[in-house]
2 protein chains.
Amino acid sequence: MQDSPFGPSYSVLRPVRGGNAFEETIEHLLQTIKLGIFAPSEKLPPERELAERLGVSRATLRDALGELQNAGYLEVQRGRYGGTYVSSSAVQRPTESRPLERAEVEDVLLFRGIIEPAAAALSAKAALTAAARQHLQQCLSELTSATPETYRPRDARFHIAIAELSGSASLVGAVAETRARLNDLLDRIPRLGTNLEHANEQHAEIAEAILRGDAVTAERVTVEHLEGTASLLRGFLA
Amino acid sequence: MQDSPFGPSYSVLRPVRGGNAFEETIEHLLQTIKLGIFAPSEKLPPERELAERLGVSRATLRDALGELQNAGYLEVQRGRYGGTYVSSSAVQRPTESRPLERAEVEDVLLFRGIIEPAAAALSAKAALTAAARQHLQQCLSELTSATPETYRPRDARFHIAIAELSGSASLVGAVAETRARLNDLLDRIPRLGTNLEHANEQHAEIAEAILRGDAVTAERVTVEHLEGTASLLRGFLA
DNA sequence: AGCTCTTGGACTAAAAACAGTCCTTTAGAA
DNA sequence: TTCTAAAGGACTGTTTTTAGTCCAAGAGCT
């Protein structure tokens with residue numbers, strides 16, 4: 001959409017990869033931490049397994065882990081039953097202050113506005129196993145009891161959990177990726193006192209709707225829920 | 001969603017990259033050709049520019065181009081005003097016959113069922129420039145006059161054009177990628193006599209709805225339109 | 001105390017990918 | 001005809017990434 005607006009659709013001629021393996025690995029790990037996929041004090045898989053999962057050599061993975069370690073995100077214990085742990089100390093945001101770009105903000109909000117409500121509706125329609133139901137409820141209760149510090153990763157985890165219930169791998173990937181981009185944007189604006197109570201009411205309502213198979217409500221409340229973050233971000237575009 | 005269904009959300013611990021740069025570049029170029037982004041006899045950007053766009057070194061790009069060249073997809077002319085051209089001879093599908101996997105099929109259809117209708121609705125709501133309107137109409141007329149051989153790439157091009165109108169880069173990327181996955185699936189089933197007339201009616205209806213700003217109709221017809229391909233593919237799942 | 005097994009730590013040689021430079025071709029302009 | 005500039009073609013040296021191997025730590029078991 002940028003330079004030569006139409007014609008040979010240049011929007012598809014984008015970079016095939018996001019950077020070198022080292023950078024991508026750091027980025028990816030940082031995302032999983034910030035998204036709360038691995039909660040503080042939780043242990044990461046062993047290096048050999050993690051390297052294989054990420055499709056990267058162990059040497060490269062170790063470079064990335066080392067970087068994250070001396071940036072304070074990870075702690076390492078050697079020996080049997082040792083491993084790499086997510087730092088329990090609150091991960092301090094380095095107050096990144098690149099300015100918000102309108103196009104980037106709108107793109108993220110728009111895409112999110114499509115896939116998250118769809119994920120909620122689909123999950124409500126899906127046949128949920130007992131384990132799935134329990135997983136959702138656990139994510140919800142962890143989120144409900146979150147403090148302003150722990151809120152964001154648990155929020156991400158909850159919304160990703162919803163996508164997981166839908167049973168679509170693509171959807172999970174899209175939601176997780178979009179959340180990560182959203183978090184990057186949120187990192188660039190001052191932290192305001194979010195209305196946690198209101199958000200939690202909506203979260204509960206969404207979870208209930210999904211569990212009782214009410215797709216319409218699940219979708220509607222999700223849309224409403226997203227509007228909060230959307231107007232917050234748009235407010236800083238000025 | 002695969003091994004350890006929930007808990008530390010392993011769905012996000014996926015490979016950070018799809019393969020080595022060489023393979024990814026081939027894959028990507030092949031997609032743009034199969035999607036009809038570059039129509040037969042059309043000229044690709046010069047190697048230096050293309051390499052930069054794809055975020056890959058010229059050496060790697062050239063390896064990939066060479067491979068595609070002696071696979072018959074590309075033709076090269078040296079000298080000033082020369083360049084790399086998409087073979088005008090119909091690209092013969094090598095009749096790939098890996099079997100369809102139910103999970104893959106359902107995942108693609110489901111994700112597509114989310115983003116394409118959303119793209120149509122958004123485009124209908126968007127303020128379209130004259131160039132944008134014309135681009136859509138041109139893609140439509142090219143599609144309408146397509147033969148069974150040229151139908152699929154033009155179809156992809158039309159649907160990607162719709163995503164482009166929405167103005168969201170993420171959406172364009174998602175639609176293009178999903179179309180490519182869909183084409184891979186379609187390559188694995190025998191070509192049937194598609195009901196081109198019916199599809200073309202729907203295409204025209206979608207385009208009209210978008211141009212007159214009727215989001216509801218654009219979305220509804222898109223959903224109906226997708227059902228054709230969906231049931232075709234599902235029919236081969238046995 | 002000693003053993004054992006899982007895990008992080010360190011090194012090497014080979015392969016992949018890169019940036020940079022120069023050569024060759026060739027249509028059109030001078 | 002000659003020159004020029006834009007394109008593909010080819011080579012070189014460097015950096016990144018990899019696979020593979022071995023070492024070191026250390027919790028828990030015998």
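Source: prediction; values computed, not measured. Every chain is numbered from 1, with letters handed out A, B, ... down the list of sequences. All values below come from the heavy atoms of this structure, side chains included, with hydrogens, waters and symmetry mates left out.
Remark: P of dA16(C) and CG of Leu61(B) are 18 Å apart, rounded to the nearest angstrom. Following rounding to the nearest Å, Glu24(B) (CD) and dT17(D) (C1') show an atom-to-atom distance of 14 Å. One interatomic measurement links the two molecules: CG of Leu44(B) to C1' of dG8(D), which rounds to 13 Å at whole-angstrom precision. Computed from coordinates, the Glu49(B) CD to dA5(D) P distance equals 20 Å when rounded to whole Å. Per the geometry, CG belonging to Asn20(B) stands 15 Å off C1' belonging to dA14(C), to the nearest Å. Atom pair Ile26(B):CD1 and dA16(C):P shows a separation of 13 Å (rounding to whole Å applied). The CG atom of Leu54(B) sits 15 Å away from the C1' atom of dC18(C) (whole-angstrom rounding). Here dG8(C) presents its P atom at 17 Å from CG of Asn70(A), a figure rounded to the nearest Å.
Note on Thr84(A): every side-chain N or O is 4.0 Å or more away from OP1 and OP2 of dT7(C). Within the structure, every side-chain polar atom (N or O) of Thr60(B) is placed at least 4.0 Å from both OP1 and OP2 of dA16(C).
Taking the charged nitrogens against the carboxylate oxygens, Glu52(A) and Arg58(A) have no contact shorter than 4.0 Å, which rules out a salt bridge.
A donor N or O paired with an acceptor N or O is not found under 3.5 Å between the base of dG8(C) and the side-chain atoms of Arg62(A). With hydrogens and angles ignored, no donor-acceptor pair under 3.5 angstrom links the side chain of Arg58(A) to the base of dG20(D).
Each of Gly19(A) and Gly83(B) has a nearest nucleotide on DNA chain D; the 5'-most of these lies closest to Gly83(B). In terms of position on DNA chain C, the residue among Arg48(B) and Ala59(B) whose nearest nucleotide sits closer to the 5' end is Ala59(B). With DNA chain D read from its 5' end, the first of the two nearest nucleotides for Glu47(B) and Glu23(A) is the one closest to Glu47(B). In this structure, Val76(A) and Arg17(A) both approach DNA chain C, and ranking their closest nucleotides by distance from the 5' end singles out Val76(A).
Counting only N and O atoms by type, the side chains of Thr144(B) and Ser141(B) include no donor and acceptor under 3.5 Å apart. Using modelled atom types, one finds no donor on one side chain facing an acceptor on the other under 3.5 Å when comparing Gln138(B) with Gln134(B).
With hydrogens and angles disregarded, a donor-acceptor distance shorter than 3.5 Å links the side chain of Ser87(A) to the backbone of Gly72(A). The main-chain N or O of Phe111(A) is never found under 3.5 Å from a side-chain atom of Ser170(B) such that the two would form a donor-acceptor pair. Arg154(B) places a side-chain N or O within donor-acceptor distance of the main-chain N or O of Glu142(B), the cut-off being under 3.5 Å.
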Using a cut-off of under 3.5 Å, enumerate the N/O to N/O pairs linking the protein to nucleotides 26-30 of chain D.
residue	atom	partner	partner atom	Å
dA27(D)	O4'	Arg80(A)	O	3.4

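At a threshold of 4.0 angstrom between heavy atoms, the contacts of Ala21(A) are confined to the sugar-phosphate backbone, with no base atom among them.
A heavy-atom distance below 4.5 Å is found between the side chains of Leu30(B) and Tyr73(B).
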